[in-house]
Structure formats: C-alpha cells, structure tokens
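Here is the structure we will look at, set down as structure tokens.
Side chains included, hydrogens not; waters and symmetry mates left out as well; all remaining heavy atoms used. Note on naming: letters A, B, ... go to the chains in the order of the sequence lines (proteins, then strands), and numbering restarts at 1 for each one.
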Amino acid sequence: MTRKRHWLMKSEPEDFSIDDLERVGTEPWTGVRNYQARNFMRQMQVGDGVLFYHSNTDVPGIYGLAEVACTAYPDPTQFDRKSKYFDEKATREQPRWELVDVSFVRKLSHGIALDEIRLHAERLGEEFALIRKGTRLSVLPVTAAQWKILLSLEKK
DNA sequence: GCCAACGTTGGC
DNA sequence: GCCAACGTTGGC
C-alpha cells in the first residue's frame, strides 16, 4: 500500500460542481484531453485526496473535498461519436485518454478563493501549478504540505 | 466577452 | 524538425 497522495481537480461548476458530486456520490472524471493531466490520473491510487476546484466562475476556488475511487481506465467518451470529447484517433485497442472515478467527501464550510490562495503563494511554493503563471492544468498534484496549508485556510 | 498563455496540428 | 495557425483554458 503506497502512501496517500493529494491532487487538485478543476471543473466548471456549470458543467459539474461539488453539489453535483454530492448528489451522484461518485463520478467518472470524463473529458480530460491534456496529456499531463492524463498522466497524473494514471498515477492516482484509490483513497488519494482531491481538492475540488471550481474554474470559470464568479469566484474561482476550492469548494470541496473528494477522493479517488478507482485507478485509471480508458475514458469511454473518447469512443463515443456523439460526445464532444470524441477522439477519432483513439481506438479501444489503443485508447489515448484515461480517467479515474472521483467520490464525494464533503463540501468546505466556505470556499477557498483563488485570490486567497495567491496570498499564500510564498508558503505554497513557486512550483505549485495552480498559481503558476500561464499554467492551465486541470489535474495537478498537491503536496502534503500544500494540502495542509490550503485546508487551514478553510477555517479563516 | 476578451484575451494571454499554452498545447496541438499540419504544411513544408 | 520548424513554426504558423488554430483551438482551448480560465481569469478577469
């Protein structure tokens, strides 16, 4: 059993929010079409912690906690012609895109806004992809130290 | 809705 | 292998 790791996963709340995850319980994280993000999902283990981040919204930030519910498997939407995530270069023999299922843990008592996260940039470290300039990764690793700092902001 | 930053594609 | 064109992300 490897040690539990931590991640941050972005979703547009109009598309799929923490409330939606609470309603359904567990959800396949479909639609990631970025190789770096896919590679991070391949590294995920059951029980890894996930910060649920709302992007492209009034106040972008972390709004809930989730956990990885299974290891990576091929994203079915890549094979579905009707899906906006269809990828004609993917085959069932050689899938391009993988995903994990994510389970609801809890909502934060109040969200941690991106603005507030930025205030702690120094402690979080320059390499933290969430606040690094120009980085748009939708799935990214969070260290144990960063996880602790971020969750401490919930209490403020 | 704008646009900066970045990734991908495809012509050469 | 270069790089222009294009598409996407995501904050503002």
Side-chain angles (χ1 to χ4, degrees), chain A residues 5-24 27-44 48-68 72-143 146-147 149-154 156:
Chain A
R5 288 198 280 181
H6 306 90
W7 309 92
L8 182 143
M9 299 173 85
K10 297 180 184 174
S11 181
E12 301 193 14
E14 283 206 11
D15 199 40
F16 189 79
S17 70
I18 187 70
D19 294 303
D20 294 321
L21 186 60
E22 181 173 31
R23 197 172 317 118
V24 300
E27 179 77 2
W29 205 262
T30 54
V32 169
R33 294 294 179 267
N34 171 283
Y35 289 107
Q36 232 185 318
R38 180 203 66 184
N39 293 344
F40 286 135
M41 288 200 286
R42 282 179 171 170
Q43 296 173 30
M44 291 182 181
D48 280 1
V50 174
L51 298 168
F52 196 112
Y53 181 94
H54 285 179
S55 63
N56 249 312
T57 187
D58 281 359
V59 184
I62 298 163
Y63 287 88
L65 300 184
E67 66 179 21
V68 174
Y73 63 96
D75 181 342
T77 63
Q78 71 192 306
F79 310 125
D80 178 4
R81 281 198 176 273
K82 283 172 293 196
S83 168
K84 66 172 171 174
Y85 299 123
F86 176 69
D87 184 341
E88 62 181 7
K89 292 187 181 149
T91 64
R92 289 185 189 273
E93 294 69 37
Q94 283 195 301
R96 283 183 134 187
W97 306 109
E98 292 176 42
L99 51 67
V100 297
D101 292 352
V102 169
S103 291
F104 179 79
V105 173
R106 69 176 175 89
K107 289 201 250 183
L108 298 193
S109 52
H110 25 238
I112 306 167
L114 179 60
D115 279 349
E116 196 185 347
I117 295 169
R118 284 219 179 87
L119 296 177
H120 304 270
E122 203 162 324
R123 275 200 299 153
L124 289 164
E126 278 182 16
E127 74 288 351
F128 187 39
L130 182 66
I131 50 179
R132 201 167 53 203
K133 188 172 182 257
T135 303
R136 298 164 311 166
L137 263 184
S138 64
V139 176
L140 53 105
V142 175
T143 66
Q146 289 164 344
W147 177 274
I149 292 166
L150 290 167
L151 283 187
S152 77
L153 303 178
E154 183 189 5
K156 298 271 168 66

(message) Could you work out, with side chain to side chain donor-acceptor pair (under 3.5 Å) as the rule, every residue matching Glu12(A), not counting sequence neighbours?
(response) Asn56(A)
(request) Using the closest heavy atom to pick a nucleotide of DNA chain B for each, name whichever of Asn56(A) or Arg96(A) lands nearer the 5' end. (result) Asn56(A)
(message) Please confirm whether the ring centroid of Tyr35(A) lies under 6.0 Å from the ring centroid of Trp97(A).
(response) yes
(request) Taking only heavy atoms on the protein side, list every residue of residues 128-135 of chain A lying under 4.0 Å from any atom of DNA chain B, sorted numerically. (result) Lys133(A), Gly134(A)
(message) For a quick check under 3.5 Å, do Tyr63(A) and Asp19(A) share a side-chain donor-acceptor pair by atom type?
(response) no
(message) Please identify which of these residues, Val50(A), Ile18(A), Leu151(A), meets the side-chain contact (heavy atoms from CB on, under 4.5 Å) condition with Leu65(A).
(response) Leu151(A)
(message) For chain A and DNA chain B, what are the first and last nucleotides along the strand, 5' to 3', with at least one atom under 4.0 angstrom from a heavy atom of the protein chain?
(response) dA5(B) to dG10(B)
(message) If the condition is side chain to side chain donor-acceptor pair (under 3.5 Å), which residues does Tyr85(A) pass it with, not counting sequence neighbours?
(response) none
(request) Only pairs at least two apart or in different chains count here, so list each salt bridge (Lys or Arg N to Asp or Glu O under 4.0 Å) that has a residue in residues 28-44 of chain A. (result) Arg33(A)-Asp75(A), Arg42(A)-Glu98(A)
(message) My understanding is that only residues two or more places apart in sequence, or in another chain, count here; which of them pass side chain to side chain donor-acceptor pair (under 3.5 Å) with Gln146(A)?
(response) Thr143(A)
(request) Step through it carefully: locate the ring centre of Phe40(A), locate the ring centre of Trp29(A), and say whether they are under 6.0 Å apart. (result) no
